[in-house]
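The first residue in the sequence is number 1, and the count goes up from there. Remember, it's a predicted structure, so these values are computed and weren't measured experimentally.
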Amino acid sequence: QVQVVESGGGLVQAGGSLRLSCAVSGSIFSINAMGWYRQTPEKQRELVATITNGGSTNYADSVKGRFTISRDNAKNTVYLQMNSLKPEDTAVYYCNAIGRGSSWLRAPFNSWGPGTQVTVSS
């Protein structure tokens, strides 16, 4: 079993900053990639940013230059620093982790957290 828990969401004014954290725990052998996605009632879940265990990153065009993803491999934790926030960044942010479990099967997992609300007021 793998557990994914996000934290750090909240209400912020436009132009402000927030830092999201996501901790992954459980029977983990390795985590290959971690990422942040977001969803609103009007849109499907969309990619925000991803990072591999080697540190390679990928960002949605809408957040490039404003958001920074990072990870602490020793703590199985990924962060999303969000600066210059806009009202259109308002969404539920979900953390995703892809890797292999620690059982002898090394079964792959693709796990999601319950989400954390980010609201940016204008």
Could you report the tightest heavy-atom contact between Val78 and Cys95, atom names first, then the distance? CG1-SG, 3.7 Å
Closest heavy-atom pair and its distance - Glu6, Gly115: OE1-N, 2.9 Å
Nonpolar side-chain network containing Ile98, other nodes, edges under 4.5 Å: none
Just list the side-chain donor-acceptor pairs under 3.5 Å for residues 8-22, sequence neighbours left out, or say none.
unit_1 : atom_1 : unit_2 : atom_2 : d
Ser17  : OG     : Asn83  : OD1    : 2.9

Spell out, as yes or no, whether a donor-acceptor pair under 3.5 Å connects the side chain of [X] to the backbone of [Y].
X: Arg106; Y: Arg100; answer: no
X: Tyr59; Y: Ile69; answer: yes
X: Thr40; Y: Ala91; answer: no

Decide yes or no on side-chain contact (heavy atoms from CB on, under 4.5 Å) for Tyr79 and Thr68, but give the supporting numbers first. CA-CA 8 Å; Tyr79 307 95; Thr68 302; over 6 Å; no
Contacts under 3.5 angstrom, residues 28-38 side chains, donor-acceptor by atom type, not counting sequence neighbours:
unit_1 : atom_1 : unit_2 : atom_2 : d
Arg38  : NE     : Glu46  : OE2    : 2.8
Arg38  : NH1    : Asp89  : OD1    : 3.0
Arg38  : NH1    : Tyr93  : OH     : 2.9
Arg38  : NH2    : Glu46  : OE2    : 3.4
Arg38  : NH2    : Ser62  : OG     : 3.3

Applying side chain to side chain donor-acceptor pair (under 3.5 Å) to Gln117 and not counting sequence neighbours gives Thr119
Of all residues at least two apart in sequence or in a different chain, which pass the side chain to side chain donor-acceptor pair (under 3.5 Å) check with Arg45? Gln39
Gap between atom CD of Gln3 and atom OG of Ser27 - 0.5 Å precision: 7.5 Å
4.5 Å side-chain heavy-atom contact, Leu85 and Phe67: yes
Would you tabulate the side-chain donor-acceptor contacts of residues 48-56 under 3.5 Å, counting partners in other chains and residues two or more places apart, or write 'none'?
unit_1 : atom_1 : unit_2 : atom_2 : d
Thr52  : OG1    : Gly54  : N      : 3.3
Thr52  : OG1    : Gly55  : N      : 3.3
Thr52  : OG1    : Ser56  : N      : 3.1

